[in-house]
Amino acid sequence: MSGAFLAGVVAGYGVAIPVGAIAVLILGLSARTSFRVGAAAALAVATADGLYAAVAALGGASLAGVVAPAAGPLQVVAAVVLLGLAVHGLWRTWAAHRARQAPTQSAGGGLRTPGRAYAAVLGLTLLNPTTVLYFAALVLGRRDTADANGLTAALFVAGVFLASASWQLLIAGGGTIVGRALTGPRGRLVTGLVSSALIAALAVAALLPG
């Protein structure tokens, strides 16, 4: 039983630690708004990872074949959404800088509340089919999770969720520290521009052939 939980922890860190567009988005949200907003986004990522881990643990060998055909279209949709977020964030950052508004009024754009950040980041993370393929491969590669019963699957999912949540919350905390260090209008402008540029670059990279 504990083996399934530890396998989930390892799998959760494995999928969470590589820095991608979502990590950059969480970092930028925390830096430009508050830790509450960044933490909500972080927990949304952990929720998506937990859901995909549950699907993988309960889906069995047929899962990869079902998800794989949709990987291409979903990747395009995710890239388009990321580009939209990058453009919107860039526009709001520049508008706030020109108007000399307080950062809390506009820096987070449409994601400036915890509820909105959670819903948006959850939907965006669920658009990544490679996550479920990753978990499916891990599940099928382990005897204790390949034939998972309800309790074993639950332990595996719990391990994934806790590992993912701890890492994403660490990123959110780092963003908050960056935001406090760059409290002036120029600093907020820099963090907004850098965050938008990184998200746009990662979105473009996702559209390029692997």
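Because only heavy atoms are used, hydrogens play no part in the values below, and waters and symmetry mates are left out as well, while side chains stay in. Numbers here simply count residues along the sequence, with the first being 1.
- In terms of heavy atoms, Gly50 sits closest to Val157 at O-CG1, 3.5 Å.
- When each of Val37, Leu29, Thr33 is tested with Pro114 by the rule side chain to side chain contact (heavy atoms under 4.5 Å, CB included), just one qualifies, namely Val37.
- Exactly one of Val45, Leu43, Thr47 qualifies for a side chain to side chain contact (heavy atoms under 4.5 Å, CB included) with Leu122. That residue is Thr47.
- Minimum interatomic distance between Tyr118 and Ala44 (heavy atoms only, all atoms of both residues): O-CB, 3.3 Å.
- Considering every non-hydrogen atom in both Ala39 and Ala172, the closest pair reads N-CB, 4.0 Å.
- A heavy-atom distance below 4.5 Å is not found between the side chains of Asp49 and Phe161.
- Contact detail for Ala163 and Ser166: the closest heavy-atom pair is O-OG, 2.8 Å.
- Here the CG atom belonging to Leu151 is positioned 12.0 Å from the CZ atom belonging to Phe5, to the nearest 0.5 angstrom.
- Linking Ile, Leu, Val, Met, Phe, Trp and Tyr residues whenever their side-chain heavy atoms come within less than 4.5 Å places Leu170 and Val121 in a single cluster.
- A distance-only check finds no donor-acceptor pair linking the side chain of Ser30 to the backbone of Thr176 [under 3.5 Å].
- The CD1 atom of Ile22 sits 9.0 Å away from the CG atom of Leu127 when rounded to the nearest 0.5 Å.
- Across every non-hydrogen atom of Leu126 and Ala48, the tightest pair is CD2-CB, 3.8 Å.
- For the pair Val9/Leu162, no side-chain contact is recorded, criterion being any heavy-atom separation below 4.5 Å from C-beta on.
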